[in-house]
Amino acid sequence: MYGRDPWGGPLEINATDSATDDDRSRNLQDLDRAALSRPLDETQQSWLLGPGEQKKKKKYVDLGCIIVSRKIFVWTVGTLLVSALLAGLITLIVKTVPRHHHRHSPPDNYTLALHKALMFFNAQRSGKLPKHNNVSWRGNSGLQDGKSDPSVLMKDLVGGYYDAGDAIKFNFPASFSMTMLSWSIIEYSAKYEAAGELNHVKEIIKWGTDYLLKTFNNTADTIDRIAAQVGIGDTSGGVSAPNDHYCWMRPEDIDYPRPVYECHSCSDLAAEMAAALASASIVFKDNKAYSQKLVHGARTLFKFARDQRGRYSAGGSDPALFYNSSSYWDEFVWGGAWLYYATGNSSYLQLATHPKLAKHAGAFWGGPDYGVLSWDNKLAGAQVLLSRLRLFLSPGYPYEEILSTFHNQTSIIMCSFLPVFTSFNRTKGGLIQLNHGRPQPLQYVVNAAFLAALYSDYLDAADTPGWYCGPNFYSTDVLREFAKTQIDYILGKNPRKMSYVVGFGNHYPKHVHHRGASIPKNKIKYNCKGGWKWRDTSKPNPNTLVGAMVAGPDKHDGFRDVRTNYNYTEPTLAGNAGLVAALVALSGDKATVIDKNTIFSAVPPMFPTPPPPPAPWKP
C-alpha cells in the first residue's frame with residue numbers, strides 16, 4: 001500500500017510487515033522528532049502556523065548614529081510633541097490669566113515715621129556732604145571750622161552735626177545722640193534691617209563718631225583738652241557781633257568767624273563722649289580696625305574724665321547757656337557701663353557698680369526728675385543698661401548688690417510711667433509731663449518711651465511676664481502700651497490732631513525754627529541780618545525739614561506754629577535720637593525680639609567665685 005509523504009517524499013506501508021503496532025508507533029515518533037530537530041524554512045513554517053499565526057517582522061529606523069525600533073521612535077517623538085504642547089498651553093494660561101499677588105501688610109506708622117526721623121540727621125550734617133545725602137536744599141558748609149580759630153590745637157573740625165535750628169556744634173548733646181542711636185542698633189538691628197534702614201543709621205553714627213574723634217588727640221593715651229563746641233550763640237547784653245544765634249543764615253553762606261570752645265576739665269563731656277565711642281565700637285565690631293580705634297578713643301576720654309574732674313559748662317561759659325550739665329557722676333556710671341560692654345574689662349564694671357559712685361549720681365534718692373533720661377542726666381539709662389546684665393548674665397558677687405539695687409530702681413521708674421501712679425502729671429490729651437510742664441517736653445517723652453519698650457522686651461526675653469509695683473503685678477504689655485500711647489500722641493493722636501514730626505501725616509508744623517529750612521535755596525546769599533526777613537515771615541518754610549520732631553506742645557496740649565518761638569517749633573539732635581530709638585523699638589512685628597548677645601560679645605564668660613577650700617582635716 002502506497003501513500004504520499006506529506007513532507008515531500010514517498011512512503012511505503014507494508015500491510016504484511018511483521019513489526020508490531022508498538023514498534024511502528026515508536027518509529028513514527030522518532031521520525032517526528034527528527035523532523036522537528038532541523039530548522040524549517042518559511043514555506044514549511046507557513047504550512048504549520050497558517051496565515052493568522054505567521055511571525056511579524058520588526059521595523060527599524062536608522063538615525064545615523066544609532067538604529068532604534070520604529071515603534072519606540074514613534075512613541076518617543078509623540079511623547080515629546082505632547083509634552084511641548086502641554087507646556088505651551090500651561091505657559092499661555094499663566095500669562096493670560098490675571099495674577100493675584102500676595103500683598104504684604106503695609107508698614108506700620110512707627111516704621112513709616114522711622115524712615116522720616118532718620119532723614120533729619122541728613123539735613124543736620126556739617127562739612128562736605130556725601131552724594132547720597134538726599135536733602136536737595138543742603139550743601140557743603142563749615143569747611144573752615146577749626147582753621148578760623150588760631151587759639152585751638154585741633155585745626156580740622158570739619159564735619160559733625162549742627163545741633164538744632166542754628167549752626168552750632170555741641171559735643172555734649174551730639175555724643176548722647178550717637179550713644180542712643182548705637183544702643184538702638186545693638187538691641188534692634190533686625191528691625192532696622194527689616195525696615196531697610198540699618199546701613200543708613202550706621203552711616204549717621206559714623207558721621208558723628210568720625211567728628212568726635214577729631215575733637216581730641218585720639219591716638220594718644222593721655223589728653224589734656226577737648227574741643228567741646230564750634231560756634232557761639234550768646235546774644236545777651238545787646239551783643240550785635242555776628243554769631244550763630246544773632247545771624248539768620250543758611251549754613252552754606254556763613255562767613256563770620258566761628259570760635260572753638262575748648263575744655264581742660266570736663267568729666268561729664270569726656271565720659272559722655274567715651275560712652276558714644278564705646279557703644280559705636282559694638283555697632284562696628286565687624287570693622288575691626290575702626291572698632292578698635294573707637295575703643296582706644298573711649299579709653300583715653302574716660303581716663304581724662306576721671307583724672308581731670310570738673311563740669312564742662314562751669315563758670316558761665318557759652319555751653320552753660322544752652323546745654324548746662326548738672327553733674328558728671330551719672331556720666332561716670334553710664335560711660336563705665338558702656339566701656340565694660342565694649343572691652344570686657346571688669347575694672348569698668350567695678351567702677352560703674354561702686355556704691356559711692358551710684359550715691360553721688362543720685363541713685364538712692366528721688367527728686368522731681370528722678371527716672372527722667374535726658375542729654376543731661378543718664379542715670380535712668382545706665383540703670384536699665386546694667387539691669388540687662390543682671391537679667392541675662394547674672395554675674396553675682398561682687399556686683400550683685402548694686403545690680404540688684406539698679407534693677408529694683410528700674411522697676412520703680414517703670415511704675416512711675418504708668419497712669420495709675422502720680423509721679424508725673426499728664427495733659428488732658430494724655431502726654432506725660434516728665435519735665436513738669438516746662439517747655440520742650442517731647443525730647444523727654446521719647447526717651448521714656450524707648451526705655452519702657454526696651455525694658456518690656458528685656459523681661460520678655462528673660463521669660464519674665466511682668467514686674468511688681470508694690471503689691472500689684474503688671475504685665476510687660478502695660479509698658480509697651482505706655483510707649484505706644486506716647487508715640488501715638490506725637491504722631492498725631494492728640495487733641496490738635498497734629499503730627500509733631502515734620503512730613504508725617506497731613507497736618508504738621510510748617511514754620512519750623514530752622515535757618516536752613518526757612519531760607520530758600522535761590523542762589524541769593526543773604527547776609528547776617530538779611531535773613532531776618534525769612535525768620536520773621538508768616539509764610540511756611542520753603543524747605544521741608546523731613547523727620548524733624550519739634551519741641552512740642554505746652555502742658556495744656558496747646559501749640560503755636562510760629563518760627564520765632566523755639567520752645568514750640570525747634571527740633572534737636574537729642575530729641576530726634578530718642579524718637580528714632582523709640583520708633584524702632586515699637587516698629588514691625590513684636591515677634592522680632594531684641595538681640596540678647598551682641599552687646600556681650602566682648603564680655604568674658606562669667607564664672608561664680610569658687611568657695612574657699614575646707615579647713616584641713618585634723619584627727
Side-chain angles (χ1 to χ4, degrees), residues 115-149 155-170 174 177-178 199-212 214-215 229-233 242-260 502-503 510-535 537 539-548 563 569-573 576:
H115 296 310
K116 296 183 182 296
L118 287 168
M119 284 302 298
F120 172 73
F121 293 90
N122 292 42
Q124 295 301 104
R125 279 176 172 160
S126 176
K128 185 174 175 58
L129 302 184
K131 292 181 180 179
H132 59 278
N133 196 51
N134 296 328
V135 181
S136 61
W137 45 272
R138 280 302 321 279
N140 300 335
S141 63
L143 300 181
Q144 297 302 313
D145 285 351
K147 301 181 182 70
S148 60
D149 191 337
K155 295 299 182 183
D156 180 12
L157 295 176
V158 176
Y161 291 100
Y162 299 126
D163 172 65
D166 49 37
I168 302 178
K169 297 191 289 194
F170 294 101
S177 303
M178 296 305 107
N199 290 334
H200 185 193
V201 70
K202 289 173 77 171
E203 286 177 5
I204 290 170
I205 292 170
K206 191 173 186 299
W207 190 271
T209 53
D210 282 350
Y211 173 75
L212 293 178
K214 290 182 175 183
T215 61
Q229 177 180 322
V230 177
I232 58 173
N243 69 23
D244 291 288
H245 278 183
Y246 181 78
C247 298
W248 195 270
M249 301 175 68
R250 297 178 69 243
E252 294 80 1
D253 296 335
I254 289 176
D255 54 5
Y256 50 80
R258 285 163 57 79
V260 176
V502 177
K510 302 295 195 301
H511 304 80
V512 180
H513 182 94
H514 192 274
R515 285 158 175 78
S518 64
I519 301 175
K521 183 181 180 182
N522 56 6
K523 297 183 180 180
I524 298 175
K525 179 179 177 180
Y526 299 94
N527 62 22
C528 177
K529 294 183 180 180
W532 286 5
K533 69 175 184 178
W534 299 108
R535 177 194 66 188
T537 180
K539 295 180 180 179
N541 288 354
N543 306 311
T544 303
L545 188 60
V546 175
R563 190 177 297 106
T569 58
E570 187 171 24
T572 63
L573 279 182
N576 255 70

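The model shown is predicted, which means the values in this text are computed figures rather than measured ones.
For Lys169 (side chain) and Tyr211 (main-chain N/O), no donor-acceptor pair under 3.5 Å exists by modelled atom type. Distance alone, capped at 3.5 Å, places no donor-acceptor pair between the Glu570 side chain and the Thr572 backbone. Under the 3.5 Å distance criterion, the side-chain polar atoms of Lys155 are matched with a main-chain donor or acceptor of Asp149. Between the side chain of Tyr161 and the backbone N or O of Ile204 there is at least one donor-acceptor pair closer than 3.5 Å. A donor-acceptor pair under 3.5 Å is absent between the side-chain atoms of Arg138 and the main chain of Glu252, judged by distance alone. Looking only at distances, no side-chain donor or acceptor of Asn243 sits under 3.5 Å from a matching main-chain atom of Gly233. Here the side chain of Trp248 pairs no donor or acceptor atom with the backbone of Cys528 at under 3.5 angstrom.
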- Item | Derivation and outcome, side-chain contact (heavy atoms from CB on, under 4.5 Å), residues Thr537 and Arg563 | CA-CA 8 Å; Thr537 180; Arg563 190 177 297 106; 3.5 Å; yes
- Query: Can Leu545 and Trp137 be said to form a side-chain contact (heavy atoms from CB on, under 4.5 Å), step by step?
  - Reply: CA-CA 10 Å; Leu545 188 60; Trp137 45 272; 3.6 Å; yes
- Please test Asn133 against Arg125 for side-chain hydrogen bond (donor to acceptor under 3.5 Å, both in side chains), starting from the C-alpha separation and ending with a verdict. CA-CA 9 Å; Asn133 196 51; Arg125 279 176 172 160; 2.8 Å; yes
- Query: Would Asp156 and Lys214 satisfy salt bridge (charged side-chain N to carboxylate O under 4.0 Å, His left out), going step by step from the backbone distance to the final call?
  - Reply: CA-CA 7 Å; Asp156 180 12; Lys214 290 182 175 183; 3.5 Å; yes
- Task: Evaluate the criterion side-chain contact (heavy atoms from CB on, under 4.5 Å) for residue pair Asn541 and Trp534; output intermediate values, then yes/no.
- Result: CA-CA 8 Å; Asn541 288 354; Trp534 299 108; over 6 Å; no
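The OG atom of Ser126 lies 7.5 Å from the CG atom of Leu143; values are rounded to the nearest 0.5 Å. Here the NZ atom belonging to Lys525 is positioned 6.0 Å from the CG atom belonging to Asp253, to the nearest 0.5 angstrom. Atom-to-atom distance recorded for Leu129:CG and Trp207:CH2 is 5.5 Å, nearest 0.5 angstrom.
For Ala517 against Pro542, the heavy-atom pair with the smallest separation is O-CD, 3.3 Å. Taking every heavy atom of both residues into account, Arg250 and Pro520 meet most closely at CD-O, 4.0 Å. In terms of heavy atoms, Met249 sits closest to Asn527 at CG-O, 3.6 Å. Contact detail for Tyr162 and Pro251: the closest heavy-atom pair is CE1-CB, 3.7 Å. Of all heavy-atom pairs between Met119 and His200, the closest is SD-CE1, 4.1 Å. Ala174 and Leu573 make their closest contact through CB-CD1, 4.2 Å (heavy atoms, listed as atom of the first residue, atom of the second, distance).
Using a 4.5 Å cut-off on side-chain heavy atoms (C-beta onward), Ile254 and Ser141 make no contact. Annotation: side chain of Lys529 is not in contact with side chain of Cys247 (no heavy-atom distance under 4.5 Å). Looking at Arg535 and Trp532, their side chains come closer than 4.5 Å, going by heavy atoms from C-beta outward. Residues Tyr256 and Asp244 meet the side-chain proximity criterion, which asks for heavy atoms closer than 4.5 Å. Contact of the Thr215 side chain with the Leu157 side chain is registered, since non-hydrogen atoms from C-beta on lie closer than 4.5 Å.
The number of heavy atoms from other shown groups lying within 6.0 Å of NZ (Lys128) does not exceed 12. More than 12 non-hydrogen atoms from other residues, nucleotides or ligands lie less than 6.0 angstrom from NZ of Lys521.
A donor-acceptor contact closer than 3.5 angstrom is absent between the side chains of His514 and Asn543.
Between Asp145 and Arg258, at least one side-chain N (NZ, or NE/NH1/NH2) sits under 4.0 Å from a carboxylate O, which counts as a salt bridge.
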